[in-house]
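These numbers were taken from a predicted model, which means no experiment stands behind them.
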Amino acid sequence: MTGRFDGDGRGVFEGDDTHDGKDVRVRFVWSGISATTAHWEQFFSAAGGGTWLSNWTMAFTRHP
């Protein structure tokens with residue numbers, strides 16, 4: 001995975017992987033980052049990054 005966080009706290013990271021024996025591009029996106037929350041989402045692209053399918057999301061909340 002390679003990527004970075006921009007100045008607004010959004011991070012985009014991509015890399016190559018395989019799924020069911022086929023080459024896919026994977027993207028992780030971090031957003032909504034604060035002192036107590038964060039959102040993470042994973043996307044797959046079988047079209048080399050031309051189109052993306054979201055298949056997993058997580059919402060994080062810091063427990064006091």
Which atom of A38 lies closest to which atom of I33, heavy atoms considered: CB-CG1, 4.1 Å

Side-chain (D6) to main-chain (D8) donor-acceptor, under 3.5 angstrom: yes

Same apolar cluster: V29 and M1, side chain cutoff 4.5 Å: no

Any donor-acceptor pair under 3.5 Å from R62 side chain to A35 backbone: yes

Distance under 6.0 Å and angle within 45° of ring axis: R10 vs W30: no

Heavy-atom check, side chain of R27 versus side chain of W52, under 4.5 Å: yes

Inter-residue atom distance N55.CG - F44.CZ, 0.5 Å rounding: 5.0 Å

F43 side, atom CZ; T57 side, atom OG1 - distance, nearest 0.5 Å: 9.0 Å

Smallest separation among heavy atoms of R25 and G49, with atom names: CB-N, 4.4 Å

Donor-acceptor contact present, side-chain S34 to main-chain T37, <3.5 Å: yes

L53 with W40, same ILVMFWY side-chain cluster at under 4.5 Å: no

Sidechain-backbone polar pair: S45 side chain, V24 backbone, donor-acceptor under 3.5 Å: no

Check: W56 ring centroid to F28 ring centroid under 6.0 Å: no

Criterion side-chain contact (heavy atoms from CB on, under 4.5 Å) against V26, the qualifying member of Q42, E14, H19: Q42

